[in-house]
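Comments concern the structure below.
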Amino acid sequence: MASYHFRSDEGSGPGAPLFFLFHGTGGDENQFFELAGELVPGAARIAPRGDVSEGGALRYFRRTGEGVYDMADLAMRTEAMAKFVREEIASRQPARVLGLGYSNGANILACVQFLAPELFDATVLMHPLIPFAPPKAEFGGRQVLITAGERDPIAPARATQALADYFSAHGAKTELVWHAGGHEIRREEILAAQTFLGQGA
């Protein structure tokens, strides 16, 4: 198994959806754990802790500046996270595999999807920033919700729209929900995620 520290529970039992949770920079495995139980009641939850420290703030991969990623480190850590996700799926045999990530967590989740599109049935990417052209991939039958702030100084609207267009162009059923603010998570995002994740219940 990949050597992530993580928090998990078994949900309602065998065959329950498996919900992976990825925190933002400075968060940890507890950031979305309780929320996930409200979004998808009965789902098994697993929340890996980022294993990179940036001035004491936990992240999933290194960067050299705001929006400037260490691409070699990102590739290595994306492989490791995909391996972790794959092993957890194999050990639990869930009915559906869901993912939710915020900011840095959304970025690692999106990168795992680029690498292994088959792993997740539905994902919620909250305020992602992918400042590079993703590879060609096939997302037929997959669902992606992206939520974002119109005035987000970290994840510009143009980059957010480009990511939504990428998923749509490669076969994913894609939704994009905006709020009028910045990088913060607002209630309308939570409500959109609840509706979106409930569609496949």
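Computed from a prediction, not measured in an experiment: that's the story for all the values here. The figures that follow rest on heavy atoms only: side chains count, while hydrogens, waters and symmetry mates do not.
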Any chain of hydrophobic side-chain contacts (each under 4.5 Å) joining [X] to [Y]?
X    : Y    : value
F132 : I108 : yes
I154 : F22  : no
L58  : I46  : no

Carboxylate-amine/guanidinium proximity below 4.0 Å for R62 and E54
no

Contact summary for [X] and [Y], nearest pair of heavy atoms:
X    : Y    : result
H170 : K136 : NE2-CA, 3.8 Å
A82  : L115 : CB-CD2, 3.8 Å
P94  : A16  : CB-O, 3.3 Å
P128 : A155 : O-CB, 3.3 Å
G182 : P153 : CA-CD, 4.4 Å
A57  : T25  : CB-CG2, 4.0 Å

Interatomic spacing from [atom1] in [X] to [atom2] in [Y] - rounded to 0.5 Å:
X    : Y    : atom1 : atom2 : value
K83  : T78  : NZ    : OG1   : 15.0 Å
F6   : F84  : CZ    : CZ    : 5.0 Å
Y102 : L125 : OH    : CG    : 13.5 Å
Q31  : I185 : CD    : CD1   : 6.0 Å
S8   : E29  : OG    : CD    : 10.5 Å
L21  : E34  : CG    : CD    : 10.5 Å

Is there a side-chain contact between [X] and [Y] in this structure, where contact means two heavy atoms from C-beta onward sitting under 4.5 Å apart?
X    : Y    : result
R77  : V52  : yes
K173 : V144 : no
E118 : R86  : yes
F196 : V177 : no
F19  : L197 : yes
Y60  : N107 : no
I190 : L35  : yes
Y166 : I130 : no

Over 12 foreign heavy atoms within 6.0 Å of CZ, R7
yes

Under the 3.5 angstrom rule, does the side chain of [X] hit a backbone N or O of [Y] as a donor-acceptor pair?
X    : Y    : result
D9   : R45  : yes
T160 : R158 : no
E184 : G181 : no
S91  : E88  : yes

Here's a test for you: under side chain to side chain contact (heavy atoms under 4.5 Å, CB included), which of D121, I89, L98 qualifies with L18?
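Testing each of D121, I89, L98 against L18, the sole residue satisfying side chain to side chain contact (heavy atoms under 4.5 Å, CB included) is I89.
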
Charged tip of R142 within 45° of F120 ring normal and under 6.0 Å
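No, R142 does not sit over the ring of F120.
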
Would R63 count as a cation-pi partner of F61, with NZ or CZ less than 6.0 Å from the six-membered ring centre and within 45° of the ring normal?
no

Check the pair Y69 / L129 against side-chain contact (heavy atoms from CB on, under 4.5 Å), numbers first and verdict last.
CA-CA 10 Å; Y69 301 164; L129 174 59; 3.6 Å; yes

Please lay out, stage by stage, how E10 and R92 fare under the test salt bridge (Lys or Arg N to Asp or Glu O under 4.0 Å).
CA-CA 9 Å; E10 298 305 314; R92 296 168 186 253; 3.6 Å; yes

For the pair R59 and S53, evaluate side-chain contact (heavy atoms from CB on, under 4.5 Å) and give the outcome as yes or no after the intermediate values.
CA-CA 6 Å; R59 289 175 52 83; S53 175; over 6 Å; no

Please tell me whether [X] and [Y] have a donor and an acceptor in their side chains that are separated by less than 3.5 angstrom.
X    : Y    : result
H23  : D28  : no
T147 : H127 : no
Q143 : T123 : no

Evaluate L100 against F32 for side-chain contact (heavy atoms from CB on, under 4.5 Å), listing each step before the verdict.
CA-CA 9 Å; L100 180 147; F32 296 114; 3.9 Å; yes

Stepwise side-chain contact (heavy atoms from CB on, under 4.5 Å) check, M71 with L74:
CA-CA 5 Å; M71 296 302 291; L74 174 58; 4.2 Å; yes

